[in-house]
Amino acid sequence: MSDIAPAPSASRSRPPGRPRCFDTGAALDTAVEAFLARGYHATSLTDLTTATGLHRGSLYAAFGDKHSLFLAVLRRHAERSLAVLDATVTAAPSPLEGIRTFLRDHAERAAGQRNGQGDGRGCLVANTTLELLPEDREVAREIEAYQLRMTARVAQALDEARAAGELTAPGSTTAQARYLFVVVEGMWQLGRTTGDTGTLLDVAEVALAALGPRTDPTT
């Protein structure tokens, strides 16, 4: 059950045509952090109003109830994660090195859940999957959409690596991307019980090796 009551009528919360006087994206970013810190069920309306700095009526008008806000949070998190992946691959000296950096970054952050180097909150998608699925079908659809988009972007990078001569093994890059995504999610789960960064970095390297023989396109 949501702990946010049904939204007040628009006439009382925000007159028709009156623009919102806050940054919706910034509010969602702070809500992401609130849900990440406590999980869906343990995050209260007070937590959300404190985190966002918004009054209850503004939250109602902008997002509806707690569940609708959480769906918006998942979409915002997906956009941020995709942007990070794009930036990582683009900044790398080669597509495959971009994927390696992506995997190693997740390994280090996952290990930080236990070794004190991270914030200890884990991954929003991994946490939500454990807390709300499979019962919550709306959340499941958001997570599935996120998984598909992330997998497609990783597959694109693998296609670029193959075109550049870095990756010579045959096979579906979509299937390979799904495999890497599963590895990333698994590292977040393993990171709940081990803070050994080296262990998780080894997992990342084994996952890359499983893609098959690679060549150096600069030689």
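Among all heavy-atom pairs drawn from A161 and P95, the shortest one is N-CB, 3.7 Å. Nearest heavy atom pair, residue I99 against residue A157, reads CD1-CB, 3.6 Å. Of all the heavy atoms in D196 and T194, the pair that sits closest is N-OG1, 3.2 Å. Nearest heavy atoms, R56 versus T49: N-CG2, 4.2 Å. Residues L103 and M187 share a closest heavy-atom pair of O-CE, 3.6 Å. Between L158 and A177, the shortest heavy-atom distance links the atoms CD1-N, 3.9 Å.
The only option from E144, E142, E79 that meets the salt bridge (Lys or Arg N to Asp or Glu O under 4.0 Å) definition with R149 turns out to be E79. A side-chain contact (heavy atoms from CB on, under 4.5 Å) with L28 is found for exactly one of V73, D23, T52, namely V73.
Between the side chains of S44 and D47, at least one donor N or O sits under 3.5 Å from an acceptor N or O. For E160 and Q156, the side-chain atoms include at least one donor-acceptor pair closer than 3.5 Å.
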- Query: Passes side chain to side chain contact (heavy atoms under 4.5 Å, CB included), R153 versus V89? Steps please.
  - Reply: CA-CA 10 Å; R153 182 62 185 93; V89 173; 3.7 Å; yes
- Message: Quick one, F102 with L85, criterion side chain to side chain contact (heavy atoms under 4.5 Å, CB included). Give me CA distance, side-chain angles, the key distance, then yes/no.
- Response: CA-CA 7 Å; F102 169 73; L85 174 57; 3.5 Å; yes
- I would like to know whether D202 and T199 meet side chain to side chain donor-acceptor pair (under 3.5 Å); could you show each step before the answer? CA-CA 5 Å; D202 285 345; T199 295; 5.7 Å; no
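Residues H67 and V139 meet the side-chain proximity criterion, which asks for heavy atoms closer than 4.5 Å. Contact annotation: the side chain of R192 approaches that of L130 to within less than 4.5 Å [non-hydrogen atoms, C-beta and beyond]. Residues V125 and Y146 form a side-chain contact, since some pair of their non-hydrogen atoms from C-beta on lies under 4.5 Å apart. At a threshold of 4.5 Å between non-hydrogen side-chain atoms, the residues T101 and D105 count as touching. Side chains of R80 and V32 form a contact here, defined as non-hydrogen atoms less than 4.5 Å apart. Residues E108 and L200 fail the side-chain proximity criterion, which asks for heavy atoms closer than 4.5 Å. Using a 4.5 Å cut-off on side-chain heavy atoms (C-beta onward), R141 and L71 make no contact. Contact check for V183 versus H106: no side-chain heavy atoms found under the 4.5 Å cut-off.
Separation of atoms CZ (R76) and CZ (F70) is listed at 15.5 Å; rounding is to 0.5 Å. The CG atom of N127 sits 7.5 Å away from atom CD of Q189, with the distance rounded to the nearest 0.5 Å. For the atom pair CG (L208) and CD (E97), the distance works out to 8.5 Å, reported to the nearest 0.5 Å. Expressed to the nearest 0.5 Å, how far OH of Y40 lies from CG of L124 amounts to 12.5 Å. Interatomic distance, CG of L59 versus CG of L69, reported as 6.5 Å (0.5 Å rounding). The CZ atom of R100 lies 8.5 Å from the CD atom of E166; values are rounded to the nearest 0.5 Å.
Criterion: ILVMFWY side-chain heavy atoms under 4.5 Å apart, direct or through other members. Under it, L211 and L201 are not part of a common hydrophobic cluster. Grouping the Ile, Leu, Val, Met, Phe, Trp and Tyr side chains by contacts below 4.5 angstrom, directly or via other members, places L133 with F181.
Using modelled atom types, no side-chain atom of Q176 and backbone atom of G171 make a donor-acceptor pair closer than 3.5 Å. Checked by atom type and distance alone, the side chain of T30 pairs as donor or acceptor with a backbone atom of A27 at under 3.5 Å.
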